[in-house]
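Everything below concerns the one structure shown next.
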There are 2 protein chains.
Amino acid sequence: MKRNSRLSSTLHILVHMAEAPDRALTSEELAGFIHTNPVVVRRTIAGLREAGIVTSSRGHGGGWQLGRAPDKISLAEISGALGETLLPFSTEPESPGCLVEQAVIAVLDDFRLEAERLLTERLSNITLADLTADFRRRYDLIGVSSHAV
Amino acid sequence: MKRNSRLSSTLHILVHMAEAPDRALTSEELAGFIHTNPVVVRRTIAGLREAGIVTSSRGHGGGWQLGRAPDKISLAEISGALGETLLPFSTEPESPGCLVEQAVIAVLDDFRLEAERLLTERLSNITLADLTADFRRRYDLIGVSSHAV
DNA sequence: GTTTCATGTAACTTAGCTAGTTACGAATCG
DNA sequence: CGATTCGTAACTAGCTAAGTTACATGAAAC
């Protein structure tokens with residue numbers, strides 16, 4: 001798993017889970033999909049469990065399943081549960097008392113607030129169901145073209 | 001200079017340059033403002049020079065100055081010239097051929113495109129002049145309160 | 001109840017990124 | 001010429017996050 005690909009890797013995993021609603025997938029299986037380690041998977045999606053997006057069970061036949069229907073899981077929720085910030089720039093003061101810095105930070109924080117609002121709104125309108133639909137479209141296309149040939 | 005604070009540090013520097021329009025500031029001076037090294041400053045704002053946002057001159061009396069009026073320099077330009085991405089998540093394929101991944105990346109790239117458009121639009125409406133105005137407001141406030149006491 | 005399988009989590013290692021540093025050449029001014 | 005300042009390459013250091021190992025906990029199968 002590359003750096004900064006936690007969101008896409010998690011979505012990848014969740015689509016696979018949505019496509020196998022009848023059984024639990026182990027972290028081992030999930031790790032295989034994104035070419036990484038089971039422990040990394042468990043660590044990465046631990047936040048999703050707390051958010052109720054997925055459930056996990058131990059022991060024989062245990063593993064991971066979606067916590068609710070894919071059309072009730074938005075990318076905004078997923079992104080939030082991963083605990084990542086959408087905007088990477090920092091606005092931590094480094095020169096306390098400097099008025100120039102204070103002005104810069106004030107403007108940047110305003111922008112950040114507005115930007116996060118906008119991005120979250122957009123992400124709220126995309127659900128896991130949209131992703132699985134997109135996947136199935138691609139899958140059917142391949143099927144059709146294979147059939148044609 | 002902390003990680004991820006290149007944008008705010010650069011803005012800090014640029015406000016100082018806007019406040020001293022009559023002379024060139026050396027990288028040594030600029031580095032002092034953000035508590036870092038002259039070489040780091042030169043490296044960081046090299047892109048701004050190529051974008052015409054600042055100019056640099058060598059030798060005696062040399063240093064850095066704004067390339068044009070502060071109200072003609074938008075944060076969008078500055079951010080772009082720094083070569084940083086506004087959105088931190090990666091959409092690099094890691095499993096070529098995987099249809100699930102392709103669906104995820106397609107949706108995420110669409111979102112990124114729209115998000116970058118929105119953010120850039122917002123940043124285009126903020127200029128360096130807005131920052132200096134904010135700074136002066138704070139400066140005058142301090143002045144008034146000092147006078148009152 | 002014992003065995004097996006799977007998660008939960010802590011602790012450590014490794015890799016990559018970026019700031020920081022050193023060094024030196026090129027340009028400019030007095 | 002000598003002082004100053006940028007431009008840039010090359011190296012070092014430190015932080016962050018992924019990867020790994022290890023082991024305890026819990027659940028199902030037998």
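Protein chains get the first letters and strands the later ones, always in sequence-line order, with residue 1 at the start of each. The figures here come from the full heavy-atom set of this structure, side chains too, leaving out hydrogens, waters and symmetry mates.
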* Verify the neighbour count for atom CZ of Arg68(B): are there more than 12 heavy atoms of other residues, nucleotides or ligands below 6.0 Å? => yes
* To do: Inspect the surroundings of CZ in Phe89(A) and state if more than 12 heavy atoms from other residues, nucleotides or ligands are less than 6.0 Å away.
  => yes
* Positions of residues 49-67 of chain B (non-hydrogen atom under 4.0 Å from DNA chain C), listed by number -> Arg58(B), Gly59(B), His60(B)
* To do: Return the value, rounded to whole Å, for the distance between atom NZ of Lys2(A) and atom P of dG19(D).
  => 11 Å
* To do: Could you tell me which non-hydrogen atom of Leu82(B) sits nearest to which non-hydrogen atom of Leu7(B), and how far apart they are?
  => CD1-CA, 3.8 Å
* Pairwise side-chain hydrogen bond (donor to acceptor under 3.5 Å, both in side chains) hits with a residue in residues 82-96 of chain B, at least two apart -> Ser5(A)-Glu94(B), His35(A)-Ser95(B), Thr91(B)-Asp109(B), Thr91(B)-Arg112(B)
Under 3.5 Å, which donor-acceptor pairs do the side chains of residues 58-67 of chain B form with other protein atoms, sequence neighbours left out?
residue: Gln65(B); atom: NE2; partner: Pro21(B); partner atom: O; Å: 3.3

* To do: Classify the angle between the aromatic ring planes of His16(B) and His12(B) as parallel (below 30°), tilted (30 to 60°) or perpendicular (above 60°).
  => parallel
* Structure fact -> Under a 4.0 Å heavy-atom cutoff, the residues of residues 28-44 of chain B touching DNA chain D are Val39(B), Arg42(B), Arg43(B)
* When you look at CD of Glu116(B), are more than 12 heavy atoms from neighbouring residues, nucleotides or ligands closer to it than 6.0 Å? -> yes
* **Lys2(B) atom NZ, over 12 foreign heavy atoms within 6.0 Å** => yes
* To do: Check each residue of residues 11-25 of chain B for a non-hydrogen atom within less than 4.0 Å of any atom in DNA chain C, then write out the ones that pass by number, or none.
  => none
* Ignoring backbone atoms, establish whether Thr26(B) has a side-chain N or O less than 4.0 Å from OP1 or OP2 of dT5(D). => no
* To do: Whole angstrom is fine here: how far is it from CG in Leu48(B) over to P in dC6(D)?
  => 15 Å
* To do: Could you please spell out the steps behind the salt bridge (charged side-chain N to carboxylate O under 4.0 Å, His left out) verdict for Glu101(A) and Arg138(B)?
  => CA-CA 11 Å; Glu101(A) 183 180 78; Arg138(B) 289 163 194 274; over 6 Å; no
* Asked: Taking CD1 from Ile45(A) and C1' from dG8(C), how many angstroms apart are they, rounded to a whole number?
  -> 12 Å
* **Atom-pair distance (CG on Asn4(B); C1' on dA19(C)), nearest Å** => 12 Å
* **Sequence-aligned protein contact record of nucleotides 13-18 of chain C, with B where the base is within under 4.0 Å of a protein heavy atom and S where only the sugar-phosphate is** => ----B-
* **Heavy-atom side-chain proximity of Val54(A) to Leu14(A) below 4.5 angstrom** => yes
* Please determine, by modelled atom types, if Arg6(A) and Thr44(A) share a side-chain donor-acceptor pair under 3.5 angstrom. => no
* Structure fact -> The reported gap from CG in Leu119(A) to CG in Leu87(A) (rounded to nearest 0.5 angstrom) is 6.0 Å
* **Distance-minimising heavy-atom pair for Asn37(B) and Ala31(B)** => C-CB, 3.7 Å
